[in-house]
Amino acid sequence: MVARFAHKVDFLNGASGPMVPIPNFPPELPLPSPAAGQRDRFAAAYSVLERAIAAEGFPGAAFAVLQGAEIVALDGIGRFTYDVRSSAVTRSTVYDLASLTKVLATTSMAMLLNQRGALDLDLPIAHWIPGFAPRDASESARQRVTVRTLLAHCSGLPGYARLFEQYPDREALIQACTRLPLQAEPGARAEYSDPGFILLGEILARIAGEPLDRFCAREVFAPLGMTSTRFRPSTTWVSSIPPTEEDRNLRHRVLQGEVQDENCFVMGGVSGHAGLFSNALDPILFARCFLEDGRLSGGSQLFEPSTIRLFTTRAGLPPASSRALGWDTPSPPSSSGNFFSTRSAGHLGYSGTSLWIDFDRRLAVALLTNRTWPHRESGAIREVRPAFHDAVASALAEPAS
């Protein structure tokens with residue numbers, strides 16, 4: 001049984017956010033009301049989450065479901081922690097998205113820069129980061145690492161490196177990433193890589209001439225109305241964000257309102273691989289733009305349809321990989337369950353988050369949890385995700401009462 005604790009909260013101070021107006025939390029949003037009969041219609045999906053909470057797979061969850069252009073479910077269940085005195089999760093609760101950052105922020109920035117002609121996916125990344133270039137003939141493969149291979153997670157870079165243990169700040173950690181040895185020939189092996197997306201975030205920032213967080217706040221989140229999505233939440237948000245864990249590795253305190261990922265923390269809370277916070281509604285607003293061929297609610301175009309298809313279709317690198325560019329696609333057994341079509345794209349976050357978008361069924365599901373509370377050992381989310389998606393899809397297959 002997981003122990004229940006009450007703690008004083010610590011958080012990161014002094015980090016500046018994107019240079020765009022950011023509302024205090026909770027933002028005064030016209031949150032869509034749950035559809036009449038939502039709890040009855042999605043009773044099986046609620047049951048999946050309730051059982052997981054009772055088994056202490058995670059203390060609470062927020063979720064949203066989009067069908068066509070309509071948000072048909074938006075709710076919170078459980079609490080911030082296992083303490084019965086902790087706050088209840090609501091439709092507005094903001095979670096640490098972890099690796100959903102890779103698609104909602106980093107990949108989106110790459111999409112916009114690519115369709116504007118500023119990002120060539122097939123140039124060697126040494127073009128933008130000279131320190132990555134081969135130092136001798138034995139490292140010649142480094143010249144074949146491109147943005148496309150970073151996005152498709154087949155660059156040859158390792159999946160993870162505990163760089164935070166040796167490098168104390170953003171610049172030192174990025175420099176360390178540039179010298180990581182390749183573990184495979186670029187394009188030959190799929191290896192989901194955080195260091196690859198750390199480098200990708202730096203490349204995009206150099207191309208744009210501004211940091212990832214500032215660009216995404218202005219060019220992605222603001223146009224989509226994603227007002228609860230940002231890096232480095234302000235201190236006014238902290239009490240409305242569930243804690244992710246009792247950190248025993250680096251900070252030795254409860255992590256609440258600051259990024260859980262240690263490498264991202266050392267980088268100041270902004271990186272291409274992690275750092276984003278959001279509620280369940282905002283990823284669904286993002287997904288609705290994808291399902292509307294990149295159009296915003298006012299009719300203007302954010303992403304070109306061809307760009308969406310390019311980045312959400314399997315890249316074929318290597319041929320058997322399920323990876324698209326930035327995004328993943330269903331590959332049995334899939335976290336999206338059994339009913340999402342092959343024309344789907346999604347991503348997971350280590351903290352217990354996920355977003356799946358089905359282009360054929362015009363369906364999107366966002367599920368946010370803090371499954372790492374109080375420690376990271378729980379693996380229940382692996383069973384919960386497909387069961388939850390199956391329950392949602394089954395409910396939508398029946399006429400709404």
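Hydrogens, waters and symmetry mates play no part in the numbers below; they use all other heavy atoms, side chains included.
Between F221 atom CZ and D213 atom CG the span is 9.0 Å, to the nearest 0.5 Å. To the nearest 0.5 angstrom, F265 atom CZ is 13.5 Å from R170 atom CZ. Here the straight-line distance linking atom OG of S271 with atom CD1 of I174 works out to 7.5 Å at 0.5 Å rounding. We find the OH-OG1 distance between Y95 and T244 to be 11.5 Å, quoted to the nearest 0.5 Å. The line from NZ of K102 to CG of D328 is 12.0 Å long, rounded to the nearest 0.5 Å. Once rounded to the nearest 0.5 Å, the distance linking SG of C216 with CG of L204 reads 8.5 Å.
Relative to the six-membered ring of F277, R232 misses at least one condition, a distance below 6.0 Å or an angle of at most 45° to the axis. In this structure, R361 forms no cation-pi arrangement with F340, as its terminal cationic atom is not both closer than 6.0 Å to the ring centre and no more than 45° off the ring axis.
Every residue meeting the ring pair (Phe, Tyr, Trp, His ring centres under 6.0 Å) condition with F388, not counting sequence neighbours, appears here in chain and number order: F63. Partners of D169 under the side chain to side chain donor-acceptor pair (under 3.5 Å) rule, at least two apart in sequence or in another chain, do not exist in this structure. Applying the salt bridge (charged side-chain N to carboxylate O under 4.0 Å, His left out) rule to R343 yields no partners; only residues at least two apart in sequence or on another chain are considered. By the side-chain contact (heavy atoms from CB on, under 4.5 Å) test, Q143 is found to be paired with P124, A126, P134, residues two or more places apart in sequence or in another chain being considered. The side chain to side chain donor-acceptor pair (under 3.5 Å) check on S138 picks up D136, with sequence neighbours excluded. Listed by chain and number, the residues in a ring pair (Phe, Tyr, Trp, His ring centres under 6.0 Å) with H153 are Y192, F197 (sequence neighbours excluded). Annotation: salt bridge (charged side-chain N to carboxylate O under 4.0 Å, His left out) contacts of D247 (sequence neighbours excluded): R251. Evaluation of the side chain to side chain donor-acceptor pair (under 3.5 Å) rule for S86 yields T81 as partners, not counting sequence neighbours. Under the rule for a side-chain contact (heavy atoms from CB on, under 4.5 Å), R382 has no partner lying at least two apart in sequence or in another chain. Qualifying side chain to side chain donor-acceptor pair (under 3.5 Å) partners for E185, counting only residues two or more places apart in sequence or in other chains: R144.
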Identify all side-chain donor-acceptor contacts of residues 47-55 below 3.5 Å with residues at least two apart in sequence or on another chain.
residue : atom : partner : partner atom : Å
S47     : OG   : R51     : NH1          : 2.6
E50     : OE2  : R39     : NH2          : 2.7

Show which side-chain atoms of residues 300-309 pair as donor or acceptor with protein atoms under 3.5 Å away, not counting sequence neighbours.
residue : atom : partner : partner atom : Å
Q301    : NE2  : D293    : O            : 2.5
Q301    : NE2  : F303    : O            : 2.9
T307    : OG1  : Q115    : OE1          : 2.9

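Between the side chain of R371 and the main chain of A380, no donor-acceptor pair closer than 3.5 Å is present. A donor-acceptor pair under 3.5 Å links the side-chain atoms of Y82 to the main chain of E56, judged by distance alone. The backbone N or O of L157 sits nowhere less than 3.5 Å from a side-chain atom of E191 that would complete a donor-acceptor pair. Listed for the T149 side chain is no donor-acceptor partner under 3.5 Å among the backbone atoms of C154. Counting only distance, with no hydrogens or angles, the side chain of T101 and the backbone of A98 share a donor-acceptor pair below 3.5 Å. Side chain of N263 to main chain of F164: a donor-acceptor pair is present (N/O by atom type, distance under 3.5 Å, no hydrogens or angles). Listed for the D194 side chain is no donor-acceptor partner under 3.5 Å among the backbone atoms of Y160. Distance alone, capped at 3.5 Å, is enough to place a donor-acceptor pair between the R288 side chain and the A69 backbone. One N or O on the side chain of S351 and one on the backbone of D96 form a donor-acceptor pair closer than 3.5 Å. Between the side chain of H389 and the backbone N or O of S335, at least one donor-acceptor pair lies under 3.5 Å.
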message: Before you tell me yes or no, could you show the steps for H347 and S99 under side-chain contact (heavy atoms from CB on, under 4.5 Å), namely the whole-Å CA-CA distance, both residues' side-chain angles and the distance that decides it to 0.1 Å?
response: CA-CA 8 Å; H347 210 282; S99 284; 3.9 Å; yes

task: Show the numbers, then the answer: is there a side-chain contact (heavy atoms from CB on, under 4.5 Å) between L104 and L355?
output: CA-CA 10 Å; L104 295 180; L355 173 65; 4.0 Å; yes

query: How far apart are the C-alpha atoms of D358 and F339, what are their side-chain angles, what is the distance that settles it, and do they pass the side-chain contact (heavy atoms from CB on, under 4.5 Å) test?
result: CA-CA 10 Å; D358 188 330; F339 301 117; over 6 Å; no

message: side-chain contact (heavy atoms from CB on, under 4.5 Å), that's the test. Do W373 and V254 meet it? Break it down for me.
response: CA-CA 10 Å; W373 176 262; V254 170; 4.0 Å; yes

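Of all heavy-atom pairs between F231 and G269, the closest is CD2-O, 3.6 Å. Taking both residues in full, the closest heavy atoms of D390 and G337 are given as OD1-CA, 3.3 Å, listed atom of the first, atom of the second, then distance. Taking each heavy atom of I207 and A118 in turn, the nearest pair found is CG2-O, 3.7 Å. L224 approaches C289 most closely through the heavy-atom pair CD2-CB, 3.5 Å. The minimum heavy-atom distance between P158 and P195, with the atom names listed, is O-CD, 3.5 Å. Pairing each heavy atom of T146 with each of I125, the nearest pair is C-CG2, 3.5 Å.
Side chains of V103 and F311 form no contact here, defined as non-hydrogen atoms less than 4.5 Å apart. With a 4.5 Å cut-off on side-chain heavy atoms, D83 and R79 do not count as touching. In this structure, the side chains of L325 and R148 come closer than 4.5 Å at one or more pairs of heavy atoms. Annotation: side chain of C264 is in contact with side chain of H273 (closest heavy-atom distance under 4.5 Å). A 4.5 Å side-chain heavy-atom check between L150 and V145 finds at least one atom pair inside the cut-off. Residues R189 and P318 have side chains not in contact (no heavy-atom distance under 4.5 Å, counting atoms from C-beta outward). With a 4.5 Å cut-off on side-chain heavy atoms, Y167 and V266 do not count as touching. For the pair L363/V65, a side-chain contact is recorded, criterion being any heavy-atom separation below 4.5 Å from C-beta on.
Electrostatic pairing of R376 and E245 counts as a salt bridge here, judged by a charged N lying under 4.0 Å from a carboxylate O. R362 and E292 are joined by a salt bridge, as a carboxylate oxygen and a charged side-chain nitrogen come within less than 4.0 angstrom of each other.
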